[in-house]
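Reviewing the structure listed below.
Just so it is clear, the values below take in all heavy atoms, side chains as well, and ignore hydrogens, waters and symmetry mates. Heads up: numbering here begins at 1 and tracks the sequence.
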Amino acid sequence: MAEQINIEEGKDGTQQPYFTFGVIADVQYADRPDGISGWRTMRFYRQSLLHLRQAIDEWKTEDIPLQFVLQLGDIIDGCNACLCQSSNALQVVLKEIKNIDVPFHHIWGNHELLNFDRIFLADSPLNTMFIADEQKPGMGTCISNSTDCFNYYAYHFSPFPNFRFILVDSYDLSVHGRDFSNPKYLESSDYLHGNYQSKDSEGSKDYSSPQLKEFNGGFSSEQLSWLHNVLKFSDERRERVVIAGHIPIHPKTTLKTCLAWNYIDMLTLIHSHPSVVCYLAGHHHNGGYHKDSHGVYHVTMEGVIESPAGTNAFATVSVYGDRMVLNGRGRVKSRVFHYQKWPLGNFTKSPLSQETAEKIRGAVTVLPTWAKKSFATPYTQSMV
């Protein structure tokens, strides 16, 4: 059983959370016998569907009903493509999800892109941008509504005043899911195969970036610029922000071979925004946890696919005025995320200028320095 957390009384004098939400990652369902993965780990393909069903059943009986569930990607396994069962497998898991009257926010992982291209995904139930937050002026979704999904699948929403959730596309740069002639595919291929090499502290090329694998991906400068503006909006309004993506971005929460291609760029970005509470990810099935030197919590959820019968891997998060409490089930450990104190400075809730509003709606912005230096910044201890 997962560690149980004693929930202390909040600063507002009550133990009642503002709201709760569910988290689950790497279901990777397939109708096939259990087997050993390329990582030499056992995967329980049919059992994973039963685990999803159990998670939904437990979420339905929570004392405080969930507002939503974050599904962190890889909902079906890539082997379904080889079995010609991609659509059938997806329908099976979506049928299970319909058994709970709670919206799921879906993230796309590498296994979604092994089964389907981005055009299919954009027109599928796994595209949940339609429930993005559109209530506040100037806070639109991502820039991509194009039919070829040239850009990225990312959006944000606010389920409660002063709290915001941002789903990011960690396969925005990827060699999967796009036609070989697509400019974004060509850009990603160049990135992966050495045209965008990082440099060490002396300016020499560094070819030892273990995260540059085809099963990983990265964040384009356009998406990072969009995220920067959304986080600026949250900073100014003193919102607490949760960012969720499929691939981890901190080396202490995963294997080095399972990091986002340009995780340093994402770390640099979120460290410049005090509104960020945590970054939730999947991808690495053993899970991971770290609170970095900037006070940001990084959680890599254990994968459902590698959870044998008698256990599971999911969580319910309760959100309070001063903290978030992650109550893990099965292999997932429970955690408490205490909010950072707001730094001194001008964080007034002034109306957005028209220029800033247009940027957040999705117009490509003038990129900050960090966004122009993809892989140019060496990882330093100060980022840990």
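When ring centroids are compared, His105 and Phe157 come within the 6.0 Å threshold. Close placement of the Tyr191 and Trp261 rings is indicated, their centers lying within 6.0 Å of each other. For Trp226 and Phe233, the gap between ring centers reaches or exceeds 6.0 Å. Proximity of the aromatic rings of Phe165 and Phe68 is defined here by a centroid distance below 6.0 angstrom, and this criterion is met. A ring-centre distance under 6.0 Å is not found for His290 and Tyr297.
No donor-acceptor distance shorter than 3.5 angstrom exists from the side chain of Ser318 to the backbone of Thr20, with no hydrogens or angles considered. Thr300 places a side-chain N or O within donor-acceptor distance of the main-chain N or O of Thr253, the cut-off being under 3.5 Å.
With Arg329 as the partner, the side-chain hydrogen bond (donor to acceptor under 3.5 Å, both in side chains) test is satisfied by one option alone out of Thr316, Thr311, Asn312: Thr316. Exactly one of Gln211, His283, His246 qualifies for a side-chain hydrogen bond (donor to acceptor under 3.5 Å, both in side chains) with Asn216. That residue is His283.
Between Phe104 and Trp59, the ring planes are perpendicular. Angles over 60° get that label, and only those under 30° would be called parallel. Using cut-offs of 30° and 60° on the angle between ring planes, the pair Phe19 and Phe163 is perpendicular. Taking the six-membered ring where the residue is Trp, His271 and His294 present parallel rings, their angle staying beneath 30° rather than reaching 60°.
Between Glu302 and Asn286, the closest side-chain pair of non-hydrogen atoms is not below 4.5 Å. The shortest distance between side-chain heavy atoms of Val242 and His156 does not fall below 4.5 Å.
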Please assess Ser275 against Glu239 for the test side-chain hydrogen bond (donor to acceptor under 3.5 Å, both in side chains), listing each intermediate value before the final yes or no. CA-CA 6 Å; Ser275 55; Glu239 294 180 333; over 6 Å; no

Between Asn110 and Asp74, does a side chain to side chain contact (heavy atoms under 4.5 Å, CB included) hold up when you go through it step by step? CA-CA 7 Å; Asn110 50 309; Asp74 286 2; 3.1 Å; yes

Test side-chain hydrogen bond (donor to acceptor under 3.5 Å, both in side chains) applied to Ser174 and Tyr185, step by step: CA-CA 7 Å; Ser174 173; Tyr185 170 84; over 6 Å; no

Would you sort out whether Asn88 and Gln85 count as a side-chain hydrogen bond (donor to acceptor under 3.5 Å, both in side chains), showing the intermediate values? CA-CA 5 Å; Asn88 289 340; Gln85 291 295 314; 2.9 Å; yes

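Heavy atoms from other residues, nucleotides or ligands lying under 6.0 Å from NZ of Lys256 number 12 at most. Residue Asp123 places its CG atom among 12 or fewer non-hydrogen atoms of other residues, nucleotides or ligands, all under 6.0 Å distant.
Residues Leu72 and Ala25 approach most closely at CB-CB, 3.8 Å, considering heavy atoms.
Checked for salt-bridge contact, Asp117 and Arg178 miss the test: no charged N lies under 4.0 Å from a carboxylate O. Under 4.0 Å is where a charged nitrogen must lie from a carboxylate oxygen, and between Arg118 and Asp169 at least one such pair does. Here Arg32 does not pair with Asp77 in a salt bridge; the nearest charged N to carboxylate O distance is not below 4.0 Å.
Taken from CG in Leu114 to CG in Asn80, the straight-line distance is 10.5 Å, to the nearest 0.5 Å. Rounded to the nearest 0.5 angstrom, Ile64 CD1 and Tyr18 OH are separated by 13.0 Å. Lys291 contributes atom NZ, which lies 13.0 Å from atom CZ of Arg335 (distance to the nearest 0.5 angstrom). Taking OG1 of Thr268 as the reference point, atom OH of Tyr263 lies at 10.0 Å (rounded to 0.5 Å). In this structure, the separation between CZ on Arg323 and NE2 on His338 is 7.0 Å, given to the nearest 0.5 Å. Atoms CG and CD1, from Leu227 and Ile243 in turn, are 5.0 Å apart once rounded to the nearest 0.5 Å.
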